[in-house]
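Before any comments, here is the structure.
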Amino acid sequence: MSRIDQRFASLKAAGRTGLIPFITAGDPSPEAVVALMHALVEAGADLIELGVPFSDPMADGPVIQHASERAIARGVGLGDVLRWVGEFRQRDTDTPVVLMGYLNPVEIHGYEAFAAEAATAGVDGVLLVDCPLEESAVLEPLRAAGLKTIRLAAPTTAPARMAQLCEVAEGFLYYVSFAGITGAGRLSTRDIASRVADIRSRASAPVAVGFGVRDAQSAKEIAAFADAVVIGSALVERLDGAGTADEAVARAKDFLAPIRAALDAH
């Protein structure tokens, strides 16, 4: 059983909602990445989404776009991200890590090479936003290496396509809470609760909800009907401008702790 499957099984057994924070690798500084990952776990993260910086992140709003730009300006690439995961694994062999990003860096790196290096580093899954089901055969080397392919679903996903996604979902299915980009300021849980409940009844994997989750209250509302809550832009925004790794760690813990408490209290 993979680390992702083990973690969601443990959460289900304990009756807890998973907390999945997202950070952009290399922002606010390359030196802070590994320390930040450990800080997220210490603050209650059940799984970490580590964003691979990319020049054209089409699904991401301004906050994560700018984080990617800052990381790229510092020379951060896919090889750095894999190295940081390997360093994280020296102390933490349990927390699942999913790389979230886009197909181009993986294609340039080479699918087979990436799959082997990611598995060796300790990556558990990949979420490649711009790789649709119809093109997913190119990801076979990743699956063969044991990496879970995380799929996205949205309110605009047609019923037939949703049925396909529910059938092939592995690790977890990431449900985008509304039709838009990351970090947008609107979130109506009444509009998505029934949809998520239907997906959970049919999917072969747990369902995590993200996009628009900004604080403890919105996370608690999502926890009423999701297996996990993903929070990214609000955290990335909080980390922006942290001058040292210690400051970034402190900001991350201060931000995440009340969200973890709210999830555990729901």
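Start at 1 with the first residue, then count along the sequence. This is a predicted model, so every value here is computed, not measured.
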* To do: Determine, stepwise, if the pair V97 / L47 fulfils side-chain contact (heavy atoms from CB on, under 4.5 Å).
  => CA-CA 6 Å; V97 174; L47 185 152; over 6 Å; no
* Hey, what do you get for CZ (R195) to CZ (F225), rounding to the nearest 0.5 Å? -> 12.5 Å
* Asked: Taking all non-hydrogen atoms of both residues, which atom of A226 and which atom of V196 are closest, and how far apart?
  -> CA-CG1, 4.4 Å
* Please determine if E134 and R161 form a salt bridge, counting it only when a charged side-chain N lies under 4.0 Å from a carboxylate O. => yes
* Out of curiosity, does V249 fall in the hydrophobic cluster containing M37 (side-chain heavy atoms, cut-off under 4.5 Å, transitive links)? -> no
* To do: Evaluate the side-chain proximity of P96 to I48: yes if any heavy-atom separation is below 4.5 Å, no if none is.
  => no
* Validation row: L256, P21 side chains within 4.5 angstrom (heavy atoms) -> yes
* Asked: R202 versus D198: any side-chain heavy-atom pair under 4.5 Å?
  -> yes
* Dump the intermediate steps for side-chain contact (heavy atoms from CB on, under 4.5 Å) on D5 and K148, then the final yes or no. => CA-CA 10 Å; D5 293 339; K148 298 288 187 182; 3.3 Å; yes
* With no hydrogens and no angle check, is any side-chain donor or acceptor of R260 less than 3.5 Å from a backbone partner on G44? -> yes
* Do you reckon F114 sits in the same ILVMFWY cluster as I108, going by side-chain contacts under 4.5 Å, direct or chained? -> no
* Nearest-0.5 Å distance, OG1 of residue T95 to NE2 of residue H38 -> 9.0 Å
* **Any side-chain heavy-atom pair of L50 and V81 under 4.5 Å** => yes
* Asked: Is it true that the side chains of E69 and Q65 contain a donor and an acceptor less than 3.5 Å apart?
  -> no
* Measure across C131 and L103 and return the closest heavy-atom pair with its distance rounded to 0.1 Å. => CB-CD1, 4.1 Å
* Structure fact -> Output for pair (E221 CD, I192 CD1), nearest 0.5 Å, gives 9.5 Å
* Asked: Do you know the tightest heavy-atom contact between L239 and A248?
  -> CD2-O, 3.4 Å
* **Any donor-acceptor N/O pair, T17 side chain to A228 backbone, under 3.5 Å** => no
* Asked: Below 4.0 angstrom, N of the basic side chain to O of the carboxylate: do R238 and D254 qualify?
  -> no
* To do: Take L40 and F22 through the test side-chain contact (heavy atoms from CB on, under 4.5 Å) and record every step on the way to the result.
  => CA-CA 9 Å; L40 295 176; F22 168 98; over 6 Å; no
* Asked: Charged N to carboxylate O under 4.0 angstrom, D240 versus R70?
  -> yes
* Quick one: do the Y175 and D227 side chains pair a donor with an acceptor below 3.5 Å? -> no
* Linked, directly or transitively: V106 and I72 (ILVMFWY side chains, under 4.5 Å) -> no
* L128 side, atom CG; R151 side, atom CZ - distance, nearest 0.5 Å -> 9.0 Å
* To do: Going by the side-chain contact (heavy atoms from CB on, under 4.5 Å) test, name the single residue among D264, L263, L11 that passes it with L19.
  => L263
* Is there a donor-acceptor contact under 3.5 Å from the side chain of R7 to the main chain of D46? -> yes
* Asked: Would D124 and S2 satisfy side-chain contact (heavy atoms from CB on, under 4.5 Å), going step by step from the backbone distance to the final call?
  -> CA-CA 7 Å; D124 299 287; S2 73; 5.7 Å; no
* **Expected output: side-chain T157 to main-chain A153 donor-acceptor under 3.5 Å** => no
* Is the CZ atom of R91 crowded by more than 12 outside heavy atoms at less than 6.0 Å? -> no
* To do: Answer yes or no: is there an ion pair linking E237 with R251, defined by an N-O contact shorter than 4.0 Å?
  => no
* Structure fact -> Smallest heavy-atom separation, S136 atom then L133 atom, equals OG-O, 2.7 Å
* Asked: Rounded to the nearest 0.5 Å, what separation is found between the CG atom of L78 and the CG atom of L99?
  -> 7.5 Å
* Name the orientation class of the two ring planes belonging to Y174 and F211 (parallel below 30°, tilted from 30 to 60°, perpendicular beyond 60°). => perpendicular
* Asked: Shared ILVMFWY cluster between M1 and V98, side chains joined below 4.5 angstrom?
  -> no
* To do: Identify the two heavy atoms, one from E112 and one from P141, that lie closest to each other, and give their separation to 0.1 Å.
  => OE2-CG, 3.8 Å
* To do: Please tell me if the side chains of Y111 and E140 come closer than 4.5 Å, counting only heavy atoms from C-beta onward.
  => no
* Work out which heavy atom in V33 is nearest to a heavy atom in A25; give both atom names and the distance. => CG2-C, 4.2 Å
* **Atom pair CG/OG of L173 and S204 - distance to nearest 0.5 Å** => 8.5 Å
* **E247 side-chain N/O to G243 backbone N/O, donor-acceptor pair under 3.5 Å** => yes
* Asked: Is it true that R89 and D94 have a side-chain N and a carboxylate O under 4.0 angstrom from each other?
  -> no
* Asked: Do P53 and T24 come within less than 4.5 Å of each other through their side chains, counting heavy atoms only?
  -> yes
